[in-house]
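Sequence positions, counted from 1, serve as the residue numbers for this chain. Note that this is a predicted model, so its numbers are computed, not measured. Remember, it's 1-based here, ligands and their atoms both numbered in the order they're listed.
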Amino acid sequence: MSSKRTITVDAEPYVYEFEPDHCALLIIDMQRDFLEPGGFGEMLGNDVSQLRRTIEPNRQLLGAWRAAGFKVIHTREGHRSDMTDLPPAKKIRGRSKTTIGDPGPMGRILIRGEAGHDIIPELYPLPAEPVIDKPGKGAFFATDLHAILQNLGIQKLIVSGVTTEVCVNTTVREANDRGYDCLVPADCVGSYFPEFQEMGLKMIKAQGGIFGWVSDSARILAAMG
Ligand code: C5J
């Protein structure tokens with residue numbers, strides 16, 4: 001389906017406008033190891049309910065987006081099975097007993113092909129939806145995301161997923177520097193830490209939208225009609 005209409009979303013710091021043909025929903029790292037009870041995130045002592053509250057709003061936004069025929073792209077953070085793309089500094093960061101690549105509750109932690117690395121069933125990608133496997137926090141670093149977006153004619157991104165202050169914020173900043181306009185729906189992004197959720201969103205929309213716009217799923221769905 002092709003659409004030339006402009007959709008106007010109530011947002012901060014001011015309205016966000018997009019033409020559906022040039023806008024994609026980019027869902028960041030909604031992976032089992034970050035969100036599921038018993039996964040790596042919880043094993044590290046994090047409260048996964050802070051992330052799980054994003055599942056339903058994401059499911060609704062994704063459903064509407066798919067029904068409208070708009071473009072969807074997913075990302076997953078993780079590494080090659082041989083870990084040759086894992087910087088030693090990332091491997092040892094945190095001084096945890098269990099780190100990336102070690103056996104975890106759902107297979108080797110953040111290794112591609114392992115159960116915990118995959119996307120949660122509620123938001124599982126359809127075959128036609130590109131999945132970007134990224135080794136870093138930002139979705140543009142060492143991936144073909146920019147090439148895919150250019151080839152699809154995408155200029156605007158609705159960025160959802162986890163976590164707000166890490167992979168979502170890094171991706172929004174990378175996208176902003178490459179000339180994309182990003183809108184972040186607050187209820188579709190989550191942090192293990194409420195204070196980082198609040199500040200992560202404030203930083204995006206501060207100074208006239210220095211990195212982008214913030215809204216929520218209800219206002220996006222209302223604008224889509
Ligand atoms: C993401 C992380 N996806 N917090 N990763 O934010 O390490």
Quick check: [X] and ligand 1, any N/O pair under 3.5 Å apart?
| X | answer |
| --- | --- |
| Val166 | no |
| Thr163 | yes |
| Cys167 | yes |

| Between Glu77 and Lys90, is there a side-chain N and carboxylate O pair less than 4.0 Å apart? |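 Salt bridge: yes.
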| query | Going by the order shown, which atoms of ligand 1 are within less than 4.0 Å of some heavy atom of Asp29? | reply |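 Per the distance check, 1 (C), 3 (N).
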Indicate whether any N or O donor in one side chain lies under 3.5 Å from an N or O acceptor in the other, for [X] and [Y].
| X | Y | result |
| --- | --- | --- |
| Tyr16 | Asp10 | no |
| Lys134 | Thr75 | no |
| Ser191 | Glu165 | yes |

| field | Whether over 12 other heavy atoms sit under 6.0 Å from Gln207 CD | value |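 For Gln207, atom CD is not crowded (no more than 12 foreign heavy atoms under 6.0 Å).
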| Heavy atom of the protein closest to atom 7 (O) of ligand 1 (residue, atom name, distance) |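 The closest one turns out to be Lys137 NZ, 3.0 Å.
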| query | Tell me: protein heavy atom nearest atom 5 (N) of ligand 1, and distance? | reply |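 Its nearest protein heavy-atom neighbour is Glu77 OE1, 2.9 Å.
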| task | Run the numbers on Tyr180 and Trp213 for ring pair (Phe, Tyr, Trp, His ring centres under 6.0 Å), then give the verdict. | result | CA-CA 11 Å; Tyr180 299 96; Trp213 285 254; over 10 Å; no
| task | Under 4.0 Å, heavy atoms only, figure out whether ligand 1 is touched by the backbone of Val162, its side chain, both or neither. | result |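 Backbone only; the side chain of Val162 stays clear of ligand 1.
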